[in-house]
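Quantities reported herein were computed from a predicted structural model and do not represent experimental measurements.
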Amino acid sequence: MKEILIDLLGNEILVYTLMALVPLVWVVLFALFAVWWERKVSAHMQDRLGPMRTGWHGWAQSIADTLKLMQKEDIIPAAADRALFILAPYIVFTASYAAFAAIPFSAAYLGAEINLGLFYIIAVSSMVVVGLLMAGWASNNKWSLLGALRSAAQIVSYEVPVALSLLAVVMVTGTFDLQEINRMQSGSILNWLIFAKFPLLLAAFLIYFLGSLAEVNRTPFDIPEAESELVAGYHTEYGGMRFAFLYFAEYANMFAVSAIAASLFFGGWNSPFGEFLSGPVWGAVWFLGKGVFFIFVQMWFRWTLPRLRVDQLMYVGWKVLTPFAFALILAVGAWMLAVR
Amino acid sequence: MQATDLRAEEAVGRPATVPGLGRPLRSEEMVVNMGPQHPSTHGVLRLELVMDGEIVVDVIPHIGYLHRCFEKHAEQMANYQQVIPYADRLDYVAAMSNERGYVIAVEKLLKIQVPERVEYIRVIMAEFSRIVSHLIAIGTYGMDIGAWTPFLYCMRDREHVLDIFERTCGARLLYNYMWVGGLSHDVTPDFQEKVRAFCTYFRPNIKELNDLLSYNKIFIERTANVGVLPAEVAVNYAVSGPTLRGSGVKWDLRKNDPYSVYPLLDFEIPVGRGEKGTAGDCWDRYMVRVREMEQSVNIIEQAVERLPAGDVRAAVPKRIRPEAGDVYVRTETPKGELGYYVVSDGTASPFRVKVKSPCFVNLSALPAMCRGAMIADVVAALGSIDIVLGEVDR
């Protein structure tokens, strides 16, 4: 896609800017849709209707909400650390969005063709913690601080099993390049990595999925923003556009982890029917569809399960998922040695 | 978990040391105000939490944000009946139970006997309000633990009871239904049918609630062994209601100090047995409520079968002017032992109405449950004693 655009426009900088903007457009549209969708999903799970007033079944609700948030007064608490307070939402969003550079949306589109794509994603997405800590500290609110510290502890802990489970995939595929991993899974549905070394990579997927729920602060690991305990966690003091940015980053992050799950385990942009309905455009459709499906699973969890306590969360992270992830790597390694 | 106690010792006792620093690291406790505007304090309660990191060193409840001078109002009323709507507003999620205690007290002062039909309807209404109150307690408790959906399922079932209340007396929350000597309205002709329909509808929903929430692994992890209130401590704090029974003490005024027609009805008193952890933990208190709802359905079914005919206003006195004297009446409301001490000086309005509020007493046991626990456990413990600030502050 990049080569075609360079031929067409003749200006490399313009092309790179365009390429960088494609995921942003998607993320904006997706966040607007997902906020509305989450409200509808939760409503129907809970025997109610959800937003119904703004358009057909309230489809324009998140647009209205965004407009409202944009018009709100920009409040910065008097005792807050102004610079950090202003900076934090952008850092959180930038870190979340940076991950999209290495996510292959289709066979023809990948923001940055770096051969360490997966490694890059793991690296940049941990930058989110910095932003969250800044937000919690700068708010000068005890609840925010507790929320931020919880987030930091949680995200750092869960990066370990997540990275280890992704490492299992890398061992099987032998590459960090997501586009390459996607290509390997083409052909038949049985080539999807979830079936590779069955059931080892299935286990890797489960560890990854649980860990990613914790990384994006979703139930049952939504402890940093546990409404019933910490009011709203690190974003208690945020309002208006800054709040919208934090929220936006959260949904971007949700999509990023779902997209990685789709890419690494469920064939990415490959059609489940082999060659049927495949190609660059259909590829994007499949990829986004798979990503959105995992978002739905996240929502499903959220509206079904209660929340763990902080120490139980650490227990699950360090004493359950991490040892299992290590055992998994060992098992994958043993299999590879034995088969060779 | 025994670990909670160990953590508490660590929190209070030793200062943390850093290797190589050569001196203990200075640390101090942080005071956090939880409330009065906080999603989990169930109203305008302020908890002053003394925290050591995430661990609670002490909890100091501050109350009074919803003080409405109920007792003073009661003295200023023109007559005894005017107190009833104020009694509704004590524990506003179970208004029927509150007004019932008050009217029984005044009837005792007047030494009047109410018709049997009135007694039965009052029992049905009081048990319905127990179901409503427990549904809210259970639903919001799920929300405190982080599960949103059971709350809305509970609210859905609650609507059905409120519909029955509305058909009977026109109000859904604050009824002014029980009068001294009788009731404001007789029940509608299809009352029995509606009540039976509700009982058949509601029983499977209790099972659904158990499947969704009570036996959920995460829910058990969060509530079992948390906020343990041993039986002895519970008795010493004089707590009552499900909070007491959750600790394994079989004490229910409907059995132990029977009033109304309860001796004629067949029901059981569920108590906490420490099934998932220690006796007297949050899960036990929660489960006592679930089981009490089942028992309430049993009571309602029996009462509605035996509902005798009669006039619900037959015994309502024209003029209420009791002889000088005093009376203390205690009834088992959803929250516990609600007592009314009514003093009459022989005039048309009460000289003094003192309320012994179960929520107030139960709240006093909160610090004993929370010391050494984590901040999330405070929320769990507070939810499990099910306070309504309208009754704590009066």
Student: Near A/Arg82 CZ, under 6.0 Å, is it more than 12 heavy atoms from other residues, nucleotides or ligands?
Tutor: no

Student: With a sphere of 6.0 Å drawn around CH2 of A/Trp59, does it hold more than 12 non-hydrogen atoms of other residues, nucleotides or ligands?
Tutor: no

Student: For atom CZ of A/Phe326, decide whether the heavy atoms of other residues, nucleotides or ligands shown that lie under 6.0 angstrom number more than 12.
Tutor: no

Student: Could you tell me which portion of B/Met155 (side chain, backbone, both or neither) has an atom closer than 4.5 angstrom to a non-hydrogen atom of chain A?
Tutor: neither

Student: Check the surroundings of atom CZ in A/Phe324: do more than 12 heavy atoms from other residues, nucleotides or ligands lie under 6.0 Å from it?
Tutor: no

Student: Grab the two heavy atoms, one from A/Gln46 and one from B/Tyr153, that are nearest each other, plus how far apart they are.
Tutor: CA-CE1, 3.8 Å

Student: Which atom pair, heavy atoms only, marks the closest approach of B/Ala376 to A/Arg309?
Tutor: CB-CG, 3.6 Å

Student: Looking at B/Asp144 and A/Arg307, what are the two nearest heavy atoms and their distance?
Tutor: O-NH1, 3.9 Å

Student: Search all heavy atoms of B/Thr149 against all heavy atoms of A/Thr304 and return the closest pair with its distance.
Tutor: OG1-N, 4.5 Å

Student: Please check this pair: side chain of B/Glu221 against backbone of A/Gln312, looking for a donor-acceptor N/O pair closer than 3.5 Å.
Tutor: no

Student: Testing the basics here: between B/Val32 and A/Trp143, what is the closest heavy-atom pair and its distance to 0.1 Å?
Tutor: CG1-CZ2, 3.4 Å

Student: Mind checking the CG-CD1 spacing from A/Asp311 to B/Ile55? Nearest 0.5 Å is all I need.
Tutor: 8.5 Å

Student: Return the CG to CE distance between A/Leu146 and B/Met51, rounded to the nearest 0.5 Å.
Tutor: 6.0 Å

Student: Should we say atom OH of B/Tyr215 is surrounded by more than 12 heavy atoms from elsewhere, each under 6.0 Å from it?
Tutor: yes

Student: Determine whether more than 12 heavy atoms belonging to other residues, nucleotides or ligands lie under 6.0 Å from atom CE of A/Met314.
Tutor: yes

